[in-house]
Structure formats: C-alpha cells, structure tokens
Amino acid sequence: MKPGEPLPTALVLEMACPQCGQALHARLPQAIDLQLQPQRRAQIVQRTLHDVACPHCRSLISVATAIAVWEPLQRLVLTWHPQDGDAKGWQTRVDGVVASLRRAQPASAKAKRQACATHGALANALLEGFWDAPESAGLQARGLWRNVFPLLPAASRIRALDLLGEGDQKALLEEAERDPALSAALRRASDPQQQVFTPTLEAALQAVHLRDSLEPAGSIDTLAIGLVE
C-alpha cells in the first residue's frame, strides 16, 4: 500500500470465527458518506458499524479498522483508527480511505479534515447538534445519553464515551469521582419517573454501558479484534 493511494470504500474481510473456527466473509465500510447513508451515524456512535455476526455459532465479532466519514452538516471529513499496532500503517490506511471518500463524494474534496484521537471523540463529533434531539440522528436515547451527556463539557463527555465503549464500569466510576463535571451531571440527572439514576454514583453507573444507553442490549457475545493489513 503506497501513501495516499486510494483504498476500496469497503474492506473485504476473510477470517475464522474466534469462537467456533468457521470461515467468515464480511464487507466492512471504510469510507462513509453520511449525506447518502445518514443511518451510519447511529451505527458509528453505537460501535456496531463493523460488527460481524457468525452464521454458525451466532457470536458477534467487533472488528476495529480505520474509517473516514463525510459529515455534511459540519462539512468535515472525520477520521479515526485504532490506537494499537503500527501507527504509521494505520495512518497510511486512513489516508487511503480519505482519498477514496473524496473521490466518491465531490463535496468532501476541499473540506477540512479532522482526526479523532479516540472513538469517543469521533462519537462526540458526530453527535454535535444532536444532543437535544438524538432521535433525529436515529438514536433511541435514554439514561446517560438523555440525562447526562448534554450537561457535560466536551472533554468529560469524550472520556465517558470511551470508557462506556470499553465497558469498563469500574474505570468510569473512578473517572466520575475524579471529574467534578461528570459527578455533578450524574447527581443532577436523577429522574424518579424513569428510575434511571439514584443519588449515588455507584448506583447511577451500575450495569450501564454504551449500547444499553442507546438501545436494548443483545444476548450475543462481543469480541474485540484489531485488524491491520
């Protein structure tokens, strides 16, 4: 792969299921045009865009690969790639995906490019303007999304999004105890009618993770796999 060389807008993945060993075939979008496919916004935020379901054992594999997103509302090209592995290799892949996106969507050709250091930063950027009405972005928001995130400064929100995406409840509780903004937002968000939160941070965060806050959780196991070609 040469630097700047356009890559396919989707990654064709051939792999063995890590649960049952059967062969899997998947086509994962890399260059995403939200002008043509607005439903992708919710999939990226929910971290379901690159989920691959095994037809044999029904396990769900979450594949981590680089993406470039044309965000027409902000006229930005947003990029993200996993932070593990070969940083230079990932950056080369991102550049190739951006080249493909700009070629496929002329409106993005001269748009500003914004690199997102974490997936939480990408989600936060994609939800800009949607915090008061998440349903307009295709999200069935409740809990943290409706009651807490709109109250937070961007830095606190991004950190919380990253910890929720990783499913690390203990780390999120520790972060809330250190971060006055997150702690205050959680305490103010107590809603007796929805019974989502209680006055204590530990109870407020109990059994909450990214997908539960957006939609009912599924029963399929999720594995995280890094992918570098």
Side-chain angles (χ1 to χ4, degrees), residues 1 3-13 26-52 61-105 108-109 111-131 137-139 145 149 154-168 209-211 213-214 222-229:
M1 185 193 312
E5 179 182 355
L7 292 175
T9 57
L11 174 66
V12 177
L13 178 66
R27 186 177 176 84
L28 307 175
Q30 298 182 113
I32 296 139
D33 183 351
L34 293 181
Q35 186 170 321
L36 297 178
Q37 296 177 304
Q39 75 279 7
R40 297 289 194 199
R41 186 185 306 271
Q43 293 172 345
I44 296 170
V45 171
Q46 291 168 304
R47 301 195 184 205
T48 61
L49 179 70
H50 292 152
D51 282 357
V52 179
I61 301 104
S62 294
V63 180
T65 190
I67 59 174
V69 184
W70 168 235
E71 164 54 294
L73 299 180
Q74 302 177 60
R75 301 199 66 78
L76 288 173
V77 173
L78 302 168
T79 65
W80 174 83
H81 66 79
Q83 297 301 308
D84 58 342
D86 178 11
K88 185 177 179 180
W90 277 122
Q91 190 57 57
T92 299
R93 171 169 288 280
V94 167
D95 292 342
V97 175
V98 169
S100 295
L101 179 64
R102 293 193 190 280
R103 185 171 58 182
Q105 173 51 269
S108 71
K112 181 181 177 181
R113 177 171 162 176
Q114 178 176 313
C116 299
T118 69
H119 200 283
L122 175 63
N124 186 66
L126 289 174
L127 288 169
E128 183 69 31
F130 289 102
W131 290 107
L139 296 171
W145 289 87
F149 285 156
S156 298
R157 190 161 57 216
I158 288 170
R159 180 64 177 151
L161 284 166
D162 282 324
L163 291 173
L164 283 170
E166 296 163 7
D168 193 337
H209 57 76
L210 184 65
R211 298 187 191 189
S213 298
L214 291 162
T222 301
L223 304 174
I225 297 177
L227 177 68
V228 182
E229 287 189 344

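In this text the structure is predicted, and so the values were computed from the model without any measurement. When a residue number appears, it is its place in the shown sequence, counting from 1.
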Quiz prompt | Gap between atom CD1 of Ile32 and atom CG of Leu101 - 0.5 Å precision | solution = 8.5 Å
Quiz prompt | Which residues share a side-chain hydrogen bond (donor to acceptor under 3.5 Å, both in side chains) with Arg113, sequence neighbours left out | solution = Asp95
Quiz prompt | Partner of Glu71 under salt bridge (charged side-chain N to carboxylate O under 4.0 Å, His left out), chosen from Lys112, Arg41, Arg40 | solution = Arg41
Quiz item: Is there a side chain to side chain contact (heavy atoms under 4.5 Å, CB included) between Leu13 and Thr65 once you walk through the steps?
Solution: CA-CA 11 Å; Leu13 178 66; Thr65 190; over 6 Å; no
Practice problem: Kindly indicate, with the supporting measurements, whether the criterion side chain to side chain contact (heavy atoms under 4.5 Å, CB included) is fulfilled by His50 and Ile67. | Solution: CA-CA 10 Å; His50 292 152; Ile67 59 174; 3.3 Å; yes
Quiz item: Under the side chain to side chain contact (heavy atoms under 4.5 Å, CB included) criterion, do Leu76 and Trp70 qualify, and how do the steps go?
Solution: CA-CA 6 Å; Leu76 288 173; Trp70 168 235; 5.8 Å; no
Exercise. Can you measure from OG1 (Thr118) to CG (Asp162) and round to the nearest 0.5 angstrom?
Key: 3.5 Å
Self-check item: Nearest-0.5 Å distance that lies between atom CG in Leu34 and atom CD1 in Ile44
Solution: 5.5 Å
Quiz item: Trp80: what forms a ring pair (Phe, Tyr, Trp, His ring centres under 6.0 Å) with it, not counting sequence neighbours?
Solution: His119
Quiz item: Which value, rounded to the nearest 0.5 Å, describes the distance between Cys116 atom SG and His81 atom NE2?
Solution: 10.5 Å
Practice problem: Look only at the side chain of Arg159 and the backbone of Gly120, and say whether a donor-acceptor pair between them is shorter than 3.5 Å. | Solution: no
Practice problem: Write down the atom of Ala109, the atom of Arg102, and the distance for their closest heavy-atom approach. | Solution: O-NH1, 3.2 Å
Self-check item: Gap separating the CD atom of Gln43 from the CG atom of Leu126, nearest 0.5 angstrom
Solution: 12.0 Å
Quiz prompt | Where Val98 and Ala68 come nearest, the two heavy atoms and their spacing | solution = CG2-CB, 3.8 Å
Practice problem: Report yes if the side chains of Asp33 and Gln37 come closer than 4.5 Å at any heavy-atom pair, otherwise no. | Solution: no
Quiz item: How many angstroms lie between atom OG1 of Thr79 and atom CD of Gln91, to the nearest 0.5 angstrom?
Solution: 7.0 Å
Quiz item: Can Phe130 and Leu73 be said to form a side chain to side chain contact (heavy atoms under 4.5 Å, CB included), step by step?
Solution: CA-CA 11 Å; Phe130 289 102; Leu73 299 180; 3.6 Å; yes
Quiz item: Does Gln74 use its side chain to pair, donor to acceptor, with the backbone of Ala125 at less than 3.5 Å?
Solution: yes
